[in-house]
K.L.:
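One structure coming up, written as structure tokens, with questions to follow.
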2 protein chains.
Amino acid sequence: MEIGKILYPHVSVDCVLLGFSENEFKVLLTHIDDREIEKTRKLPGSLIYKNEDLDEAAQRILTESTGVKKVALKQFKCFGSPKRTENEKDVKWLEKTTDVKADRIITVAYLSLCKLNTRLLALEKNQTVSWCSIDELPNLPFDHEQIVVEAIREVRNWVDQDNSIVFEFLPAKFTALDLRRVYEAIYNKVYDVRNFKKKMKSLEYIVPLEEKQQNVAHRAAQYFRFDRVKYNKLHSSLNY
Amino acid sequence: MEIGKILYPHVSVDCVLLGFSENEFKVLLTHIDDREIEKTRKLPGSLIYKNEDLDEAAQRILTESTGVKKVALKQFKCFGSPKRTENEKDVKWLEKTTDVKADRIITVAYLSLCKLNTRLLALEKNQTVSWCSIDELPNLPFDHEQIVVEAIREVRNWVDQDNSIVFEFLPAKFTALDLRRVYEAIYNKVYDVRNFKKKMKSLEYIVPLEEKQQNVAHRAAQYFRFDRVKYNKLHSSLNY
DNA sequence: GCAAAAGTGTTCCCTGTACACCCATGC
DNA sequence: GCATGGGTGTACAGGGAACACTTTTGC
């Protein structure tokens, strides 16, 4: 957190940053590493500044924890139960790190998706963050577990509204299998290879590349890329 | 607002209560009627109490302004721009009615749908609320106009996730036309009469009744009712 | 040769959509 | 009689789903 700005101690923003690797979603957790408090992890998040917009705060938090500047970011729910700060350990940590006397805090949760490239994976080496499989979440402070659960549900919702965000999970070039695995994870079902490929072929904005995989222990797969411009042309509309 | 409870002056809840009549959506506005302040209208809403959950607060606000106890209620977005309280007139009103010194207020917006029955329409006579066509909104304080606009968008989203909520707009018995008009308003397009009817017939949970319209200046239409139990059976699932 | 994944077409069914005429009722 | 909405069926097209075998590559 930057110094010299005044915190607004009643509202925080928490970010669920999801990546996809090894056929499952991973969520970014930051480490709380304080000698007086038992080692634990939490969602990246912070109190907002007195004059900071919520979207700005979410962007700031993501940048602080990953270095990423521009990402698709979606506010998905506000969590405001008075009970969310009833665990003393959580509050103690909060007051220690922020120097703020916290009674009740409403938090606004954001969802963001990313490709787990080498740079983002390398963040783990600093030991300040880790990518945690959503099936093996540790105990999290406050209501962060609930926030993650609702975020996963929200991914599907988001894709329903805008297919193009699935490509946030993928690198610039990807194979049909890569895309299929993402869809299978999101909708929790398996897709027929041929039907899936046929569907891909019918979508102009999924552009096949000449390039193929190299050094794979099987027939090399073709790469594709997502064409944002073509996508936007197809989905621009005067209705809403 | 009840007396004796302590307000939490940093977070408020605003409710967009939508009804449907005369082929359009109406939103409930409450009247600010203070001699020192020019007469104006706003969304029903209030600061939350110190120990009150957000959902509870939304329910309380709806009950206070309409008497309605149990309604489908959906949190849909949190509005937290520091600029939303920059209009002095709005702030002056707020401080006068709540006796709270307000700097910045984050508001959590809720959406709710209702049938405009005679009791709800009669509320207008008390002059404390009015049902306002969403195409003819007056100037609203804070960012209430934006909240209404986003609420309308959210209705479609909600129906996409759960068809059954369209019946919130309709009385217990309704005609095919009634239902069609609601759909047309939500999706902003016209539906073919025969195709729509065919679709209705295919849905088990829309149950035709013996009863017909009376005293209408045309052939009497059949009534239908929505069967919640059948609907839930069809949509219960172990997946999510 | 074997393991692993790529690539490839056809058939069927279901759903959505387009489309036009007569009927009942109140005024 | 006229205005208003109610009620009805068919035909076509497009999209989703089911389904199996051969090919390429590294080891």
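Just so it is clear: chains get the letters A, B, ... in the order the sequence lines come, proteins before strands, and each one is counted from 1.
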K.L.:
Taking the side chain as every heavy atom from C-beta outward, state whether B:D143 and B:E150 have any atom pair closer than 4.5 Å.
P.N.:
no

K.L.:
Looking at residues at least two apart in the chain, or sitting in another chain, which of them share a salt bridge (Lys or Arg N to Asp or Glu O under 4.0 Å) with B:K173?
P.N.:
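Checked B:K173 against salt bridge (Lys or Arg N to Asp or Glu O under 4.0 Å); matches are B:E211.
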
K.L.:
If the helix axis at each end comes from five base pairs, how far does the helix from C:dG1-D:dC27 to C:dC27-D:dG1 deviate from straight, to 10°?
P.N.:
10°

K.L.:
B:R181 has an atom CZ; how far is it from atom C1' of D:dG6, in whole Å?
P.N.:
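Those two atoms, CZ and C1', are 12 Å apart.
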
K.L.:
Parallel, tilted or perpendicular: which fits the ring planes of B:Y183 and B:Y187, with parallel below 30° and perpendicular above 60°?
P.N.:
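Because their plane-to-plane angle is under 30°, the rings of B:Y183 and B:Y187 count as parallel.
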
K.L.:
Quick check on contacts: within residues 202-220 of chain A, what sits under 4.0 Å from DNA chain D by heavy-atom distance?
P.N.:
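Heavy-atom cutoff 4.0 Å gives A:V216, A:A217, A:H218, A:R219.
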
K.L.:
Among pairs that include at least one residue of residues 199-208 of chain B, which meet salt bridge (Lys or Arg N to Asp or Glu O under 4.0 Å), considering only residues two or more places apart or in two chains?
P.N.:
none

K.L.:
Go through the structure and list residues passing ring pair (Phe, Tyr, Trp, His ring centres under 6.0 Å) with A:Y231, not counting sequence neighbours.
P.N.:
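Applying ring pair (Phe, Tyr, Trp, His ring centres under 6.0 Å) to A:Y231 gives A:Y205, A:F226, A:H235.
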
K.L.:
Using a heavy-atom cut-off of 4.0 Å to chain A, what are the terminal contacting nucleotides of DNA chain C, in 5' to 3' order?
P.N.:
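Boundary nucleotides touching chain A, in 5' to 3' order, are C:dA3 to C:dT10.
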
K.L.:
Can you pull the ring-ring contact (aromatic ring centres under 6.0 Å, His included) pairs that have at least one residue in residues 133-153 of chain B, sequence neighbours excluded?
P.N.:
B:F142-B:H144

K.L.:
Suppose we screen for salt bridge (Lys or Arg N to Asp or Glu O under 4.0 Å). Which residues come up paired with B:E184, at least two apart in sequence or across chains?
P.N.:
B:R180, B:R181

K.L.:
Enumerate all atom pairs, one protein N or O and one N or O from nucleotides 8-16 of chain D, separated by less than 3.5 Å.
P.N.:
residue: D:dT10; atom: O4; partner: B:K198; partner atom: NZ; Å: 3.1

K.L.:
Is the closest side-chain heavy-atom distance between A:C132 and A:P138 below 4.5 Å?
P.N.:
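Side-chain contact under 4.5 Å: yes.
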
K.L.:
State which residues pass salt bridge (Lys or Arg N to Asp or Glu O under 4.0 Å) with B:D178; sequence neighbours excluded, sorted by chain then number.
P.N.:
none

K.L.:
Among all residues two or more places apart in sequence or in another chain, which pass the salt bridge (Lys or Arg N to Asp or Glu O under 4.0 Å) test with B:E22?
P.N.:
B:K26

K.L.:
Could you list the residues that satisfy side-chain hydrogen bond (donor to acceptor under 3.5 Å, both in side chains) with B:K230, not counting sequence neighbours?
P.N.:
none

K.L.:
So is A:K77 actually on top of A:F79's ring, under 6.0 Å and inside 45° of the axis?
P.N.:
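Yes, cation above the ring, under 6.0 Å and within 45°.
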
